[in-house]
Amino acid sequence: MEDKWSRLRLLITGASGLYGSKLANLAEKNGHKVFSVYNQHQAAFGRPVRLEISDKEQVQKIFEEVAPEVVVHAATLTDVDKCELNKELAWKTNVEGTENIARATKTENAFLMYISTDYVFNGETGQYKETDSPDPINYYGLTKLRAEEQVKTITNEYCITRTSVIYGATPAAGKINFALWLLNNLKKGEKVKALIDQWNSPTLNTNLARMSLEIIERRLTGTFHLSGATRISRYDFARMVAQTFNVEASAIIPTAAKEFSWVARPLARRKPRRYWKINHSQLNVRCKK
Ligand SMILES: NC(=O)c1ccc[n+]([C@@H]2O[C@H](COP(=O)([O-])OP(=O)(O)OC[C@H]3O[C@@H](n4cnc5c(N)ncnc54)[C@H](OP(=O)(O)O)[C@@H]3O)[C@@H](O)[C@H]2O)c1
């Protein structure tokens, strides 16, 4: 017998990106009808739909045509430095774009999953719970928090998922992620600086996509922190990636954050206060409550 939630009409924004492309790929394999919204780089999976999310009329028109049951909104100006330098564009894309998506989702009576970030926090303590108070320290984080507020205000049925440092096996949206960049450089014999005093929870795009699918298929509402299970410094993560792919790690140079010049303030300078995990099985446990 066919599952109640199978064959959703699923619209994914940011479907040409690192996360959205993986989600579109897995969602199609799960039997859903996937509409993949992109802007500059055509989406590889699902039915490609070109859309500028800051254009309200265009958003409404596409949503009327597609009539989605579920929307995953991942399209964002993700370049944190660009957000700092071009605040107008960051606000237009991340906040107004999300407002447009949220309004159109409500009109279609669809379920909205908004993909947010650990950058809504200041990074001082780390291991944030869903109940901790946000306190963004750069413009990207501020726009993502304001976008979360738009989602909560406008839509009836939503879920906000916050994640951390996504990585994956293939380039997406015209760029490579930290893990691929690192491997490329090490293979070319180049030295790579990696931070010893910035900790986060790197998240494989496949795992994030699987967790997201579980949420949308079960229509779970609320805020979820979905990330990799391990809190690790950039330096240790870089060494782990190199070892996993059998690449010489001696060219990874341990570097303190103060040795870099930053445009947007970075997160998490302090050492972890404790070890804390979120993973797929924990999501299952929590969801049974
Ligand atoms: N990457 C991370 O480490 C990380 C960490 C925490 C949270 N997140 C969140 O996770 C989500 C996905 O991130 P990602 O790294 O997968 O993104 P990404 O690879 O940088 O891709 C960004 C996506 O947004 C689309 N986009 C940007 N501006 C747009 C516009 N004006 N109209 C329509 N589409 C637009 C891009 O489309 P085109 O390329 O086709 O133009 C692309 O598909 C984002 O919400 C981000 O805030 C990411």
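Both ligands and their constituent atoms are indexed starting at 1 by order of listing. Counting begins at 1 with the first residue of the sequence.
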Peer 1: Show every side chain to side chain donor-acceptor pair (under 3.5 Å) that has at least one partner inside residues 101-113, sequence neighbours left out.
Peer 2: E99-R103
Peer 1: Show the atoms of ligand 1 that are less than 4.0 angstrom away from any heavy atom in K175.
Peer 2: 18 (P), 19 (O), 20 (O)
Peer 1: Can you check whether G17 has an N/O within less than 3.5 Å of an N/O in ligand 1?
Peer 2: yes
Peer 1: Would you say I166 and ligand 1 have an N/O pair spaced under 3.5 Å apart?
Peer 2: yes
Peer 1: Do Y139 and N86 have side-chain N/O donor and acceptor atoms under 3.5 Å apart?
Peer 2: no
Peer 1: Does F63 have any ring pair (Phe, Tyr, Trp, His ring centres under 6.0 Å) partners at least two apart in sequence or in another chain, and if so, which?
Peer 2: none
Peer 1: Should the proximity of R162 to ligand 1, defined as any heavy atom under 4.0 Å, be assigned to the side chain, the backbone, both, or neither?
Peer 2: neither
Peer 1: Using heavy atoms and a threshold below 4.0 Å, how should the contact between Y114 and ligand 1 be classified: side chain, backbone, both, or neither?
Peer 2: neither
Peer 1: I'd like to check I53 versus N100 (side-chain heavy atoms, cut-off strictly below 4.5 Å). Are they in contact?
Peer 2: no
Peer 1: W181 versus V192: any side-chain heavy-atom pair under 4.5 Å?
Peer 2: yes
Peer 1: Between S212 and Y19, is there a side-chain donor-acceptor contact under 3.5 Å, judged purely by atom types and distance?
Peer 2: yes
Peer 1: What pair of heavy atoms forms the shortest contact from A209 to L26, and how long is it?
Peer 2: CB-CD1, 3.8 Å
Peer 1: Decide whether the shortest distance between a heavy atom of K92 and an atom of ligand 1 is less than 4.0 Å.
Peer 2: no
Peer 1: Say whether I115, considering both its backbone and side-chain N or O atoms, lies within less than 3.5 Å of an N or O atom on ligand 1.
Peer 2: yes
Peer 1: Taking the side chain as C-beta and beyond, is there a heavy-atom pair between N185 and K188 under 4.5 Å?
Peer 2: yes
Peer 1: For T93, counting its heavy atoms only, list the atoms of ligand 1 lying under 4.0 Å from any of them.
Peer 2: 28 (N), 31 (N)
Peer 1: Of the protein's non-hydrogen atoms, which lies at the shortest distance from atom 30 (C) of ligand 1, and what is that distance?
Peer 2: N39 ND2, 3.4 Å
Peer 1: Below a 4.0 angstrom heavy-atom separation, can you tell me which part of A75, side chain or backbone, both or neither, approaches ligand 1?
Peer 2: both
Peer 1: Any side-chain heavy atom of R234 sitting closer than 4.5 Å to one from F178?
Peer 2: yes
Peer 1: Looking at atom 31 (N) of ligand 1, what's its closest protein heavy atom, distance included?
Peer 2: E52 OE2, 2.8 Å
Peer 1: To the nearest 0.1 Å, how far is atom 27 (C) of ligand 1 from its closest protein heavy atom, and which atom is that?
Peer 2: T76 O, 3.5 Å
Peer 1: So is G174 touching ligand 1 or not, going by heavy atoms under 4.0 Å?
Peer 2: no
Peer 1: Strictly below 4.0 Å, N to O, side chains only: are R162 and E148 in salt-bridge contact?
Peer 2: yes
Peer 1: For residues K87 and T143, determine if any side-chain heavy atom of one lies less than 4.5 Å from a side-chain heavy atom of the other.
Peer 2: no
Peer 1: Check for me whether Y167 has a heavy atom closer than 4.0 Å to any atom of ligand 1.
Peer 2: no
Peer 1: Return the closest protein heavy atom for atom 33 (C) of ligand 1 as residue, atom name and distance.
Peer 2: L51 O, 3.2 Å
Peer 1: To which protein heavy atom is atom 39 (O) of ligand 1 closest, and what is the distance rounded to 0.1 Å?
Peer 2: H41 ND1, 2.7 Å
Peer 1: Which atoms of ligand 1 are found less than 4.0 Å from any heavy atom of Y19?
Peer 2: 16 (O)
Peer 1: Could you list the atoms of ligand 1 found under 4.0 angstrom from a heavy atom of T117?
Peer 2: 6 (C), 7 (C)
Peer 1: Flag the pair Q40 / R50 as yes when at least one side-chain heavy-atom distance between them is below 4.5 Å, and no otherwise.
Peer 2: yes
Peer 1: Looking at atom 32 (N) of ligand 1, what's its closest protein heavy atom, distance included?
Peer 2: I53 N, 3.1 Å
Peer 1: Do the non-hydrogen side-chain atoms of T78 and K175 ever get within less than 4.5 Å of each other?
Peer 2: yes
Peer 1: State the atoms of ligand 1, each with its element, that fall below the 4.0 Å cut-off from a heavy-atom position in V165.
Peer 2: 3 (O), 5 (C)
Peer 1: In terms of side-chain heavy atoms, does Q150 have a donor or acceptor partner in T98 at a distance below 3.5 Å?
Peer 2: no
Peer 1: Could you list which atoms of ligand 1 come closer than 4.0 Å to a heavy atom of Q40?
Peer 2: 38 (P), 40 (O), 41 (O)
Peer 1: Taking all atoms of both residues into account, what is the closest heavy-atom pair of Y167 and N177, and its distance?
Peer 2: CB-OD1, 3.6 Å
Peer 1: Flag L18 as yes when one of its N or O atoms lies below 3.5 Å from any N or O atom of ligand 1, and as no otherwise.
Peer 2: yes
Peer 1: Give the contacting part of S116 toward ligand 1: side chain, backbone, both or neither, where contact means a heavy-atom distance below 4.0 Å.
Peer 2: backbone
Peer 1: Which residue holds the protein heavy atom closest to atom 6 (C) of ligand 1, what is that atom called, and what is the gap in Å?
Peer 2: T163 O, 3.3 Å
Peer 1: Which residue and non-hydrogen atom of the protein lie closest to atom 42 (C) of ligand 1, and at what distance in Å?
Peer 2: S16 OG, 3.5 Å
Peer 1: Tell me whether A74 reaches ligand 1 (any heavy atom closer than 4.0 angstrom to a ligand atom).
Peer 2: yes
